[in-house]
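Read through the structure below, which is laid out as structure tokens, and then see the notes.
Ligands are counted one by one from 1 in listed order, and the atoms in each one are counted from 1 as well. Residue numbers count from 1 along this sequence. All of these numbers come straight from a predicted model, not from anything done at the bench.
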Amino acid sequence: MGQAGLQEIFSSIQGEGVYVGQRQIFVRFNACHLHCQYCDAPQRPAHEPCRVESNSGEGQDVLLNNPVSAELLIQWIKQLHQQYKHHSISFTGGEPLLYTFYLKEILPPIQSLLPVYLETSGTQPDLYVEIEPWVDIIAMDIKLPSATGEACRIEAHQAFYALAREKECFIKLVVAETTSTDELDWVKQIVPDRDCPIIIQPVTDLKTGANTVSAKALFYMEQHLRQTYQDVRVIPQTHKMLSLL
Ligand code: SF4
């Protein structure tokens with residue numbers, strides 16, 4: 001079976017997006033092709049072990065040598081699934097789509113246990129198609145340069161959304177105080193469906209965990225997007241308020 005570099009495996013509460021507050025199993029991959037300046041899960045050295053929180057909230061960690069085999073990951077997922085009841089299983093990162101060779105082994109047996117929730121930068125449609133049959137819910141980012149410090153990938157996002165809209169999908173926009181109207185208008189070029197949920201998530205300060213975007217800016221962005229979309233919500237990273245993983 002395949003192997004992959006993982007950062008963490010744990011059971012916790014989803015802190016972002018439309019499923020905020022739902023209990024999930026999380027599998028956090030270790031690499032990403034992007035370098036968002038707000039990233040709170042930057043790539044670690046490959047030799048660092050994968051942390052498994054075997055009892056939620058008790059800080060009892062088991063360390064697994066990296067890379068972790070698909071067989072071992074499936075064992076841990078099944079154990080957490082037996083210990084706690086969950087809404088779904090979140091594959092997050094890093095960018096999970098860098099590991100489609102591995103996910104193709106993991107997802108078929110796991111999807112029979114729990115719905116598969118994919119958290120992705122939404123920039124790699126060619127990789128997504130390899131695992132599309134086993135994905136149930138997609139939390140798709142649209143990366144805005146004012147927050148990421150990188151260029152916007154409008155065409156890649158367009159191609160990704162054209163596939164993602166066949167599933168249950170919502171958009172997460174991480175925004176900064178400087179996010180512009182032009183950037184918000186790119187969303188309209190990428191997401192033609194007016195009923196697609198749009199989640200505005202203010203950048204969190206990496207040191208303090210505090211929101212960094214003013215109320216005035218958030219109200220403006222929310223109202224601007226609401227002119228186009230039926231379901232626009234402002235949701236900060238709530239797991240950080242609760243000191244959860
Ligand atoms: S896409 Fe996600 S994991 Fe990758 S750099 Fe950006 S925030 Fe970090």
Is Y99 close to V27 at the side-chain level, that is, under 4.5 Å between some pair of heavy atoms?
no

With heavy atoms and a 4.0 Å threshold, my read on which part of K143 contacts ligand 1 is side chain

Ionic contact status for E150 with K143, cut-off 4.0 Å:
no

In terms of residue, atom name and distance, what is the protein heavy atom nearest to atom 8 (Fe) of ligand 1?
C39 SG, 2.3 Å

Nearest to atom 3 (S) of ligand 1 by heavy atom, P96, A147, G94: which?
G94

Assess H35: does it contribute an N, O or S atom lying under 2.8 Å from atom 4 (Fe) of ligand 1?
no

Hydrogens and angles aside, do T212 and E177 bring a side-chain donor and acceptor to less than 3.5 Å of each other?
no

Heavy atoms only: give me the nearest R23-K85 pair and the separation to one decimal.
CG-O, 3.5 Å

Can you tell me if C36 has an N, O or S atom under 2.8 Å away from atom 8 (Fe) of ligand 1?
no

Indicate whether the side chain of Q83 and that of N55 have a donor and an acceptor atom separated by less than 3.5 Å.
yes

Does A41 have a non-hydrogen atom less than 4.0 Å from ligand 1?
no

For ligand 1, which part of C32 has a heavy atom less than 4.0 Å away: the side chain, the backbone, both, or neither?
side chain

Any donor and acceptor pair, going by atom type alone, linking the side chain of E130 with main-chain N or O of F101 inside 3.5 Å?
no

